[in-house]
S.K.: 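One structure, as structure tokens, below. Some questions next.
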Amino acid sequence: THPSTPSLQNLRKEKSRNAARSRRGKENFEFFELAKMLPLPGAITSQLDKASVIRLTISYLHMRTFASQGDPPWSPLLEGDSNCSKVRRSSHSLATDMFEQHLGAHLLQSLDGFVFVVSQEGRFLYISETVSIYLGLSQVELTGSSVFDYIHPADHVEMAERLGIRPHLRAEAGCHTAPESASSSASASSLAGTPEPAPSSPHSPADDPPDRGFFIRMKSTLTKRGLHVKSSGYKVIHVTGRIRCRPALVPGSARSVRRPMGLVALAHTLPPSTLNEVRMESHMFVFRVNMDLQVTYCENR
């Protein structure tokens, strides 16, 4: 019996390894199929890790709810599309149909900025891929992440006020999050760094106008052209947008109110002011110093 005991143990270990290998294979296949369902190019979805797949999937489902429940709804017209496409099959309408099919991409390319949607909890539900042009950050990295991980700590209160987040939680959650230590992907720690939305009363949405316009500083990985050092790591962003609301009935009453769901905004990056834009008088000269206040450059005059 002694010689057969090691072989039996080896057989059990081999079966356990095969079962674990089969389980991992099935799990990877499910994640691969889930990634293919995301509205992203195949070249991107094939490179995503499991955590990113889950994060993007949750954000996509939240975005669908955000689009369908708000007023007015964003859901596409499901009826009449096929009939209209059959009727409009002339040589002149073919180009128009192709343009309308890619209208969103054309609008994003023509805008001098990027578009984003932030939930009332401060999560990026959507951000256009053009954010990489202005900030150097990727769409996949930002989607599902907390907005407070990517804005300057001094602007956390400003952003929280625009989203209607509770004032007493700003210092505890949003303003104590250090952006320098935040990871590029949405981590579990950013969940604790997201302030909670304030419970909207029946009177607050009506008194507060939905339009928003403010300035914040967002992280940027772009460098100034001609310089090999990052200027400050942040860029000034002009945000203009509108709070999206959904109609809801007041408990114990027949009237309805508008509950805020999040912010839909367009962001413009402001170019940093250069020395060429500063008016130089005859009694002025330009010099440059490093962080130790040592002069590294000075004009001849």
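All values reported here derive from a predicted model rather than from experimental measurement. Below, all heavy atoms of this structure are taken into account, side chains as well, without hydrogens, waters or symmetry copies.
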S.K.: If you round to the nearest 0.5 Å, how far is CZ of Phe116 from OG1 of Thr143?
M.R.: 12.5 Å
S.K.: Quick one: does Phe114's side chain get under 4.5 Å of Ile133's, heavy atoms only?
M.R.: no
S.K.: Can a donor-acceptor pair be found, under 3.5 Å and without considering hydrogens, that links the side chain of Asp292 to the backbone of Gln294?
M.R.: no
S.K.: Does Arg55 use its side chain to pair, donor to acceptor, with the backbone of Val140 at less than 3.5 Å?
M.R.: yes
S.K.: Pro39 versus Tyr60: any side-chain heavy-atom pair under 4.5 Å?
M.R.: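 The answer is yes, as the side chains (C-beta and beyond) meet within the 4.5 Å cut-off.
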S.K.: State, with a plain yes or no, whether a side-chain heavy atom of Ile237 is found less than 4.5 Å away from one of Leu135.
M.R.: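 Yes, side chains in contact.
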S.K.: So do Tyr234 and Met218 actually touch side chain to side chain, heavy atoms under 4.5 Å?
M.R.: no
S.K.: Would you say that Gln139 contacts Leu40 through its side chain, given a criterion of any heavy-atom pair below 4.5 Å between the two side chains?
M.R.: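 Yes, close enough: below the 4.5 Å cut-off.
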S.K.: Can a donor-acceptor pair be found, under 3.5 Å and without considering hydrogens, that links the side chain of Arg212 to the backbone of Leu263?
M.R.: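 Not confirmed, Arg212 side chain does not pair with Leu263 backbone.
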S.K.: Would you kindly confirm whether Met37 and Ile44 end up in one hydrophobic cluster when ILVMFWY residues are joined by side chain heavy atoms under 4.5 Å apart?
M.R.: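 Different hydrophobic clusters.
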S.K.: Hey, quick one: are Phe214 and Phe148 part of the same hydrophobic cluster, counting side-chain heavy atoms closer than 4.5 Å, chains of contacts allowed?
M.R.: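 As far as the 4.5 Å side-chain criterion goes, Phe148 and Phe214 are connected within one cluster.
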S.K.: What closest approach, in Å, do Gly136 and Thr221 show between heavy atoms, and which atom pair accounts for it?
M.R.: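 Looks like O-OG1, 3.2 Å.
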S.K.: Rounded at 0.5 Å granularity, tell me how far NE2 in His283 sits from CZ in Arg301.
M.R.: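 Interatomic distance, His283 NE2 to Arg301 CZ, rounded to 0.5 Å: 10.0 Å.
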S.K.: Going from OH on Tyr134 to CG on Leu270, what distance comes out if it is rounded to the nearest 0.5 angstrom?
M.R.: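 Here the interatomic distance stands at 12.5 Å.
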S.K.: Same cluster or not: are Leu137 and Leu56 linked, directly or through other Ile, Leu, Val, Met, Phe, Trp or Tyr residues, by side-chain heavy atoms under 4.5 angstrom apart?
M.R.: no
S.K.: Quick one: do Met63 and Leu34 end up in the same hydrophobic cluster if we chain Ile, Leu, Val, Met, Phe, Trp and Tyr together by side-chain heavy atoms under 4.5 Å apart?
M.R.: no
S.K.: Please evaluate residues Glu158 and Arg162 with respect to the criterion salt bridge (Lys or Arg N to Asp or Glu O under 4.0 Å), reporting the C-alpha separation (whole Å), side-chain torsions for both, the decisive distance (0.1 Å), and the verdict.
M.R.: CA-CA 6 Å; Glu158 173 79 10; Arg162 302 299 179 174; 3.0 Å; yes
S.K.: At their closest point, which heavy atom of Ser132 faces which heavy atom of Glu129, and how far apart are they?
M.R.: OG-O, 3.0 Å
S.K.: Any side-chain heavy atom of Phe124 within less than 4.5 Å of one from Ser59?
M.R.: no
S.K.: Of the non-hydrogen atoms in Val239 and Ala265, which two are nearest, and what is the gap between them?
M.R.: CG1-CB, 3.5 Å
S.K.: Would you call the rings of His238 and His268 parallel, tilted or perpendicular if under 30° counts as parallel and over 60° as perpendicular?
M.R.: tilted
S.K.: With a 4.5 Å cut-off on side-chain heavy-atom distances among I, L, V, M, F, W and Y, is there a chain of contacts connecting Phe287 to Tyr297?
M.R.: no
S.K.: I'd like to know if Glu27 pairs up with Arg24 as an ion pair, taking the criterion as any Lys NZ or Arg NE/NH1/NH2 lying under 4.0 Å from an Asp or Glu carboxylate oxygen.
M.R.: no
S.K.: Any sub-3.5 Å donor-acceptor pair from Thr57's side-chain atoms to Val53's backbone N or O?
M.R.: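 Yes; judged by distance alone, with no hydrogens or angles, the pair exists.
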S.K.: Look only at the side chain of Arg244 and the backbone of Ala67, and say whether a donor-acceptor pair between them is shorter than 3.5 Å.
M.R.: yes
S.K.: Keeping Arg123 on the side-chain end and Gly144 on the backbone end, is there a donor-acceptor pair under 3.5 Å?
M.R.: yes
S.K.: Shortest non-hydrogen contact from Leu108 to Ser128?
M.R.: CD2-CB, 3.7 Å
S.K.: Any idea which heavy atoms bring Pro260 and Ile243 closest together, and the distance?
M.R.: CB-CG2, 3.7 Å
S.K.: Check for a donor-acceptor pair, side chain of Asp49 on one end and backbone N or O of Ser52 on the other, with a separation under 3.5 Å.
M.R.: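 Yes: the side chain of Asp49 pairs with the backbone of Ser52.
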S.K.: Could you walk me through whether Leu163 and Val118 pass the side chain to side chain contact (heavy atoms under 4.5 Å, CB included) test, one step at a time?
M.R.: CA-CA 9 Å; Leu163 292 175; Val118 178; 4.0 Å; yes
S.K.: Between CG of Leu11 and OG of Ser16, what distance do you get to the nearest 0.5 Å?
M.R.: 11.5 Å
S.K.: Is the count of non-hydrogen atoms from other residues, nucleotides or ligands lying under 6.0 Å from Arg12 atom CZ greater than 12?
M.R.: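 Atom CZ in Arg12 is not packed in, count stays at 12 or less.
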S.K.: If you round to the nearest 0.5 Å, how far is CD1 of Ile151 from CD1 of Ile216?
M.R.: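 Here the rounded value is 5.5 Å.
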S.K.: Between CZ of Arg288 and CD of Glu299, what distance do you get to the nearest 0.5 Å?
M.R.: 10.5 Å
S.K.: Taking Thr45 for the side chain and Lys36 for the main chain, is one N or O donor matched with an acceptor at less than 3.5 Å?
M.R.: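 Answer holds: no.
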S.K.: Shortest non-hydrogen contact from Met261 to Phe66?
M.R.: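 Here Met261 and Phe66 meet closest at CE-CA, 3.5 Å.
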S.K.: Quick one: does Leu48's side chain get under 4.5 Å of Leu38's, heavy atoms only?
M.R.: yes
